[in-house]
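Everything on this sheet refers to the single structure shown next.
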Number of protein chains: 2
Amino acid sequence: MRAEDRRELVLEAATIVFGERGYVGATTDAVAKAAGVSQPYVVRMFGTKEALFLAVLERALDRLLDAFEIVLDEGGDIDEVRNRLGVAYGELLSDRGLLLCLMHAFVLGSDPAIGPAARRGFLRVYALLRERAGLSIDEAREFLGQGMLLNTLIGLRMAAEDAPEAAELVDSVAPTKADLVRRLARS
Amino acid sequence: MRAEDRRELVLEAATIVFGERGYVGATTDAVAKAAGVSQPYVVRMFGTKEALFLAVLERALDRLLDAFEIVLDEGGDIDEVRNRLGVAYGELLSDRGLLLCLMHAFVLGSDPAIGPAARRGFLRVYALLRERAGLSIDEAREFLGQGMLLNTLIGLRMAAEDAPEAAELVDSVAPTKADLVRRLARS
DNA sequence: GTCTATAGGATGATAGAC
DNA sequence: GTCTATCATCCTATAGAC
């Protein structure tokens, strides 16, 4: 296998593992096992666990922004675009761990290395919504709120709870993705 | 000092430390230093680090629900109540680390001990909004979305960023609390 | 490029004195 | 109730063989 492919493989595995256990809770050994390589090799490829997480974060943000760019390129009026941005965000659920890694980064703002990267990433998304998509401040705030709520429900594995309120809430936040959310919550 | 008071002191310190570094990243030693007691004593009081975090989580949820109950007891029409619930939520920013601890718990849904406690806590809040405050599904979703967005901005320490978009976003999400949010982001 | 072996450091928890 | 001392474990990172 080419080195480039192996790097991508490790990044995918790391996204899942960091998404599951968070930056501190995840071990480079768990990432290595998930990728089918040795632990020292993971460290060797990225230098440090911190650098690995930053690479995972960068990759996740790129995927998110790429998905949004595609929606913007398709054009349409502002309401259509906003809806399709929401749909595109929901599609990212299929990339396992991706939204969770973003969320884990977003609660580590006080970390001297991860904090600045996370803030810049969040602001890139905000700038895209405001400037490229043309959302007003209030529209952007609403949109981001629903995104963070979805992330939270995923982080909580809320769909694994069998209370009726849990189902009602998940259905409300992700009407077309409820089944996927349920599957993720149990895996 | 009475044992009860010392316990509360440790819980306060733990809330700040867990809020700053998360459940896994925080050490019982850091909590002990923040509370001015020895590390083994912290463990002795709560049994395990996990039990300490669960106690912090329970305390945070109780404070949140108490604040909401007070608003509900004051009465008023549904729009007033919703606004005052939002204000009450913002007031919790003054209790340092409280909202951050909730957020840290909310991304640990796959933890066998913390996950269930976090889900039940979130659902208690949701049930209060729906049943006691009388919000519709969509209203509750909107309300929670803005709450999670505020939590995220706090977690990111977004107000520490000096980009103009950062200020715009913080002002939009917490208009009356922007100064407090800025202060917290730098501490 | 990739592995095995392991050093080195941090941390949760226990033992036991006062 | 509270501390000091310390053990045992885990984990990142390095050394070095192939």
Side-chain angles (χ1 to χ4, degrees), chain A residues 1-58 97 101 104-105 108 110-115 117, chain B residues 1-58 97 101 104-105 108 110-115 117:
Chain A
M1 187 180 295
R2 283 171 32 216
E4 182 101 356
D5 296 341
R6 185 129 291 182
R7 190 188 157 92
E8 173 61 20
L9 199 73
V10 171
L11 281 175
E12 268 171 44
T15 301
I16 293 173
V17 174
F18 280 127
E20 200 78 21
R21 309 200 210 168
Y23 168 56
V24 189
T27 65
T28 54
D29 192 50
V31 172
K33 283 193 167 64
V37 298
S38 71
Q39 179 269 332
Y41 187 41
V42 169
V43 174
R44 187 84 116 177
M45 257 190 285
F46 294 89
T48 62
K49 176 181 167 181
E50 181 181 272
L52 170 59
F53 185 76
L54 289 173
V56 165
L57 174 58
E58 217 52 49
C101 280
H104 281 293
L108 292 179
S110 61
D111 183 283
I114 297 167
Chain B
M1 186 181 295
R2 283 170 32 216
E4 182 101 358
D5 295 342
R6 185 129 289 182
R7 189 188 158 92
E8 173 62 20
L9 198 73
V10 171
L11 281 175
E12 268 170 45
T15 300
I16 294 172
V17 173
F18 279 127
E20 199 77 21
R21 310 201 210 168
Y23 168 56
V24 189
T27 64
T28 53
D29 192 51
V31 172
K33 283 192 168 64
V37 298
S38 70
Q39 179 268 333
Y41 188 41
V42 169
V43 174
R44 193 77 101 121
M45 256 190 286
F46 294 89
T48 63
K49 176 182 167 180
E50 181 180 272
L52 169 59
F53 185 76
L54 289 173
V56 165
L57 174 58
E58 217 52 50
C101 280
H104 281 293
L108 292 179
S110 61
D111 182 284
I114 297 168

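Per chain, numbering begins at 1; letters A, B, ... match sequence-line order.
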For DNA chain C, find the residues of residues 4-13 of chain B with a heavy-atom distance under 4.0 Å and give them by number; none if there aren't any.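 When residues 4-13 of chain B is checked for heavy atoms under 4.0 Å from DNA chain C, there are no hits whatsoever.
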What residues in residues 24-39 of chain A put a non-hydrogen atom under 4.0 Å from any atom of DNA chain C?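 Heavy-atom cutoff 4.0 Å gives A/Val37, A/Ser38.
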When you get a sec, tell me which of [options] is the closest nucleotide to the side chain of [X]?
X       : options               : answer
B/Ala3  : C/dA13, D/dG1, D/dA13 : D/dG1
B/Pro40 : C/dC3, C/dG1, C/dT14  : C/dT14
A/Arg44 : C/dG16, C/dA13, C/dC3 : C/dC3

In terms of the angle between their ring planes, are B/Phe18 and B/Phe53 parallel, tilted or perpendicular, with boundaries placed at 30° and 60°?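 If you compare the ring of B/Phe18 with that of B/Phe53, the planes turn out perpendicular.
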Check the distance between [N]'s [atom2] and [X]'s [atom1] and give it to me in whole angstrom.
X       : N      : atom1 : atom2 : value
A/Glu50 : D/dC11 : CD    : C1'   : 16 Å
B/Met45 : C/dA13 : CE    : P     : 14 Å
B/Phe46 : C/dA13 : CZ    : P     : 13 Å
B/Phe53 : C/dA13 : CZ    : P     : 14 Å

Ignoring hydrogens and angles, tell me if any N or O in the side chain of B/Thr28 forms a donor-acceptor pair with the backbone of B/Lys49 under 3.5 Å.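 Side chain of B/Thr28 to backbone of B/Lys49, a donor-acceptor pair under 3.5 Å: no, none is there.
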Going from CG on A/Leu52 to OG1 on A/Thr15, what distance comes out if it is rounded to the nearest 0.5 angstrom?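 One gets 8.5 Å once the value is rounded to the nearest 0.5 Å.
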CZ on A/Arg7 to CD on A/Glu12, rounded to 0.5 Å: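 Interatomic distance, A/Glu12 CD to A/Arg7 CZ, rounded to 0.5 Å: 13.0 Å.
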Where is the tightest heavy-atom contact between B/Ala117 and B/Leu54, given as atom of each residue plus distance?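 Between these two residues, the closest heavy atoms are CB-CD2, 3.9 Å.
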Please name the pair of heavy atoms, one in A/Gly19 and one in A/Cys101, separated by the smallest distance, quoted to 0.1 Å.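 The pair with the smallest heavy-atom distance is N-SG, 3.6 Å.
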Are side-chain heavy atoms of B/Leu11 and B/Phe46 found at a separation under 4.5 Å?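 Answer yes - side chains close enough.
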For residues 33-46 of chain A, pull every pair meeting salt bridge (Lys or Arg N to Asp or Glu O under 4.0 Å), keeping only residues two or more places apart or in separate chains.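 Of all non-adjacent pairs touching residues 33-46 of chain A, those that pass salt bridge (Lys or Arg N to Asp or Glu O under 4.0 Å) are A/Asp29-A/Lys33.
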